[in-house]
Chemist: 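Below you'll find the structure I mean.
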Amino acid sequence: MSVESLPVDKPAKPTTNGMLGLLRRNKWIWKFVGLGLSVFIAVYLLKQIDFKEFSDMVRAVPVGSLVLAFLIYMLLNFSRALRFRLLLGQQNTPIRLMYPIALYHNFLVRTLPFKTGELSYIVMLRTYLNQPIREGVGSLLSARLFDLLLVASGCTLGILTATSQLATQSHLIFTLFIPVLAISAIALYFAGPILRQLIGLGQTLTKRGSPSVARFSKWAAEKLTLVAGQFERIREPRFFFSTILLSACIYASSAMFNLVLLWAIGVQQNLGTLLIVVSIAMFAEALPFSIAGLGLVEGGWTFGLVAFAGLTASNAASIGFFLHACQLLSVALSGLIGYSLLQLSSRAARQTAVADQAN
């Protein structure tokens with residue numbers, strides 16, 4: 001037998017599943033790196049705290065302020081429920097179902113590691129409202145993009161109204177931040193067509209690649225096309241501005257929740273300065289690299305309060321841990337309320353089904 005006739009083992013080409021597996025492994029590596037960083041930040045900040053001062057600060061907070069903050073947090077989630085219903089195009093969906101879904105979804109997002117609680121929204125839509133997965137993904141992604149736009153807008157508003165040295169540099173805001181926000185709003189309005197163009201470009205670039213790359217590109221294009229279809233709803237002006245208004249209500253409620261607590265512990269700063277600090281904390285809270293935001297949220301508060309409010313690292317860290325603890329307590333209570341309401345709704349639905357069968 002000649003050497004040429006011997007069978008040669010060809011190297012296996014990566015399949016679509018193989019490429020997806022590689023992407024997932026890299027994603028988890030970065031998540032655990034981020035988790036390590038968040039734990040390091042939390043430990044470092046804990047060392048900065050004077051626990052006697054922290055205890056005195058907590059005891060001095062009026063109970064009425066805590067109750068008011070919790071009521072504002074419930075209002076915040078009510079606005080989220082209204083926005084989810086709008087993004088789904090399901091204005092006839094009873095708020096008695098959408099509100100508990102928003103409450104319980106928020107609880108899972110804030111407590112489960114790496115923002116995996118986001119998936120609960122899609123599952124609950126499927127379970128309680130019989131909505132397809134693409135509707136849940138599209139509305140959730142749209143909601144997060146609107147949140148990002150409004151937080152950036154709130155931070156810009158804070159910079160414009162601050163009476164610190166930043167106010168003397170307001171021309172930089174108009175020449176940089178304002179155009180960026182305007183472009184971001186326009187991009188969000190045309191997100192559907194832009195995403196379709198990017199899908200087409202990606203398919204063109206991968207057309208001459210290996211079969212596995214082409215299969216992966218086709219799979220990704222199919223999924224993204226579904227999302228692009230959901231974004232098409234945003235291009236209706238009334239729909240867009242209604243969503244902007246509800247997102248503004250969500251941002252304002254979130255900011256007011258924190259402002260009430262900041263004022264309760266005696267932080268007296270210009271409103272613009274506090275909006276900057278609150279927005280920085282919101283950005284830190286959105287990062288998917290920790291468990292319940294531990295470390296990242298406190299780090300965001302500490303950085304903002306030190307850099308813009310002039311507090312010491314010890315005071316800023318104490319306030320950061322206090323505010324995050326209040327948020328988690330509100331998350332737990334509102335999540336319990338949402339879960340209980342969903343269970344009552346399911347029980348009522350089962351009883352109605354049994355009664356219908358009996359008749």
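In this text the structure is predicted, and so the values were computed from the model without any measurement.
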Chemist: Given the rule in the side-chain hydrogen bond (donor to acceptor under 3.5 Å, both in side chains) test, do Asn315 and Thr312 qualify, once you have shown the distances and angles that lead to the verdict?
Modeler: CA-CA 5 Å; Asn315 289 338; Thr312 64; 3.2 Å; yes
Chemist: Decide yes or no for Leu66 and Leu329: does some side-chain heavy atom of the first lie under 4.5 Å from some side-chain heavy atom of the second?
Modeler: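 No, side chains not in contact.
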Chemist: Quick one: do Asn258 and Gln327 satisfy side chain to side chain contact (heavy atoms under 4.5 Å, CB included)? Show the steps, please.
Modeler: CA-CA 9 Å; Asn258 290 296; Gln327 183 193 49; 5.9 Å; no
Chemist: Just wondering, are more than 12 heavy atoms of other shown residues or ligands nearer than 6.0 Å to CZ in Phe239?
Modeler: yes
Chemist: Can you confirm whether Leu323 sits close enough to Ile319 that some side-chain heavy atom of one is under 4.5 Å from a side-chain heavy atom of the other?
Modeler: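 They are in side-chain contact.
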Chemist: Would you say the side-chain atoms of Ser253 and Tyr73 include a donor-acceptor pair closer than 3.5 Å?
Modeler: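 Result is no, nothing qualifies.
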Chemist: Does the ring centre of Phe257 sit less than 6.0 Å away from the ring centre of Phe70?
Modeler: no
Chemist: Start with the C-alpha distance between Leu341 and Leu97, add both sets of side-chain angles, then the distance that settles side chain to side chain contact (heavy atoms under 4.5 Å, CB included), and finish with yes or no.
Modeler: CA-CA 8 Å; Leu341 291 175; Leu97 278 179; over 6 Å; no
Chemist: Which heavy atom in Gly299 sits nearest to a heavy atom in Ile41, and how many Å separate them?
Modeler: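 Looking at all heavy atoms of both residues, the closest pair is CA-CG2, 4.2 Å.
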Chemist: Which pair of heavy atoms, one from Ala255 and one from Leu275, lies closest together, and at what distance?
Modeler: CB-CD2, 4.3 Å
Chemist: Would Leu88 and Leu125 count as a side chain to side chain contact (heavy atoms under 4.5 Å, CB included) if you check the C-alpha gap in whole Å, the side-chain angles of each, and the deciding distance to 0.1 Å?
Modeler: CA-CA 10 Å; Leu88 286 167; Leu125 286 185; 3.8 Å; yes
Chemist: Whether Asp147 and Arg80 form a salt bridge (side-chain N of Lys/Arg under 4.0 Å from carboxylate O of Asp/Glu) is what I want to check.
Modeler: no
Chemist: Do Ser247 and Arg83 have a side chain donor and acceptor closer than 3.5 Å?
Modeler: yes
Chemist: A side-chain contact here means heavy atoms from C-beta on lying under 4.5 Å apart; do Ile280 and Trp301 qualify?
Modeler: no
Chemist: So do Leu141 and Phe146 actually touch side chain to side chain, heavy atoms under 4.5 Å?
Modeler: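 No. Closest side-chain heavy atoms not under 4.5 Å.
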Chemist: Rounded to the nearest 0.5 Å, what separation is found between the CD1 atom of Ile250 and the CG atom of Leu245?
Modeler: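 Reported value, rounded in 0.5 Å steps: 10.0 Å.
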Chemist: Look at atom OH of Tyr339 and say whether more than 12 heavy atoms of other residues, nucleotides or ligands are closer to it than 6.0 Å.
Modeler: no
Chemist: Would you give the length of the straight line joining atom CZ of Phe240 to atom CZ of Arg235, rounded to the nearest 0.5 angstrom?
Modeler: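 These two atoms lie 12.0 Å from each other.
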Chemist: Indicate whether any N or O donor in one side chain lies under 3.5 Å from an N or O acceptor in the other, for Arg59 and Ser55.
Modeler: yes
Chemist: Looking only at non-hydrogen atoms, find the nearest pair between Ser334 and Leu103 and report the distance.
Modeler: O-CB, 3.6 Å
Chemist: Which distance, rounded to the nearest 0.5 Å, do you find between the CG of Leu274 and the CD of Gln268?
Modeler: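 Between Leu274 CG and Gln268 CD, I get 8.5 Å after rounding to 0.5 Å.
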Chemist: Please check if atom CZ in Phe54 has more than 12 non-hydrogen atoms from other residues, nucleotides or ligands closer than 6.0 Å.
Modeler: yes
Chemist: With side-chain contact (heavy atoms from CB on, under 4.5 Å) as the test, pick out the partner of Phe84 among Thr93, Leu246, Leu140.
Modeler: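 Checked Thr93, Leu246, Leu140 against Phe84; only one passes side-chain contact (heavy atoms from CB on, under 4.5 Å): Leu140.
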Chemist: Got more than 12 heavy atoms from elsewhere within 6.0 Å of CZ, Phe303?
Modeler: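 Counting other residues, nucleotides and ligands, CZ of Phe303 stays at 12 neighbours or fewer.
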Chemist: Under a single-linkage definition using a 4.5 Å side-chain heavy-atom cutoff for Ile, Leu, Val, Met, Phe, Trp and Tyr, are Leu328 and Leu108 assigned to the same hydrophobic cluster?
Modeler: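 As far as the 4.5 Å side-chain criterion goes, Leu108 and Leu328 are not connected within one cluster.
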Chemist: Find the distance between CG (Leu305) and CD1 (Ile276) and round it off to the nearest 0.5 Å.
Modeler: 11.5 Å
Chemist: How about Ser314 and Asp50: do any of their side-chain heavy atoms sit closer than 4.5 Å?
Modeler: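 Contact flag for Ser314/Asp50 side chains = yes.
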Chemist: Is a donor on one side and an acceptor on the other found under 3.5 Å between the side chain of Thr273 and the backbone of Gln269?
Modeler: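 Between the backbone of Gln269 and the side chain of Thr273 there is no qualifying donor-acceptor contact (under 3.5 Å).
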Chemist: Could you check if a side-chain atom of Val260 sits within less than 4.5 angstrom of a side-chain atom of Met256, using non-hydrogen atoms only?
Modeler: yes
Chemist: Start with the C-alpha distance between Phe78 and Tyr99, add both sets of side-chain angles, then the distance that settles ring pair (Phe, Tyr, Trp, His ring centres under 6.0 Å), and finish with yes or no.
Modeler: CA-CA 6 Å; Phe78 185 76; Tyr99 188 36; 5.4 Å; yes
Chemist: Do Phe51 and Phe321 make the cut of ring centroids closer than 6.0 angstrom?
Modeler: no
Chemist: Give me the atom names and distance for the closest heavy-atom approach of Val61 to Ala264.
Modeler: CG1-CB, 4.1 Å
Chemist: Is any side-chain heavy atom of Thr116 closer than 4.5 Å to one of Val109?
Modeler: no
Chemist: Under a 4.5 Å side-chain heavy-atom rule over Ile, Leu, Val, Met, Phe, Trp and Tyr, are Ile72 and Val67 clustered together?
Modeler: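 Shared cluster, no.
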Chemist: Test Ser153 against Tyr251 for side-chain hydrogen bond (donor to acceptor under 3.5 Å, both in side chains), laying out the working first.
Modeler: CA-CA 10 Å; Ser153 300; Tyr251 173 81; over 6 Å; no
Chemist: Heavy-atom distance under 4.5 Å between the side chains of Met124 and Leu342, does that happen here?
Modeler: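 Yes. Closest side-chain heavy atoms under 4.5 Å.
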Chemist: So does Leu344 have more than 12 non-hydrogen atoms from other groups sitting under 6.0 Å from CG?
Modeler: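 Atom CG in Leu344 is crowded, with more than 12 foreign heavy atoms closer than 6.0 Å.
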Chemist: Report the distance from atom CD of Gln131 to atom CD1 of Ile101, rounding to the nearest 0.5 Å.
Modeler: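 Nearest 0.5 Å value for the CD-CD1 distance: 9.5 Å.
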Chemist: Should we say atom CD of Glu236 is surrounded by more than 12 heavy atoms from elsewhere, each under 6.0 Å from it?
Modeler: yes
Chemist: Tell me the closest heavy-atom pair linking Gly338 and Pro100, and the distance in Å.
Modeler: O-CB, 3.5 Å
Chemist: Under 4.5 Å between side-chain heavy atoms, hopping through other hydrophobics if needed: is there a path connecting Leu271 to Met282?
Modeler: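 Cluster IDs for Leu271 and Met282 match.
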Chemist: Got a second to check how far Ile234's CD1 is from Ile244's CD1, nearest 0.5 Å?
Modeler: 9.5 Å
Chemist: Looking at every non-hydrogen atom in both residues, tell me the closest pair between Ala317 and Thr302 and how far apart they are.
Modeler: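 Smallest interatomic distance, heavy atoms only, reads CA-OG1, 3.4 Å.
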Chemist: Going by distance alone, is a donor N or O of one side chain under 3.5 Å from an acceptor N or O of the other, for His324 and Glu285?
Modeler: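 Not at all, the side chains of His324 and Glu285 share no donor-acceptor pair under 3.5 Å.
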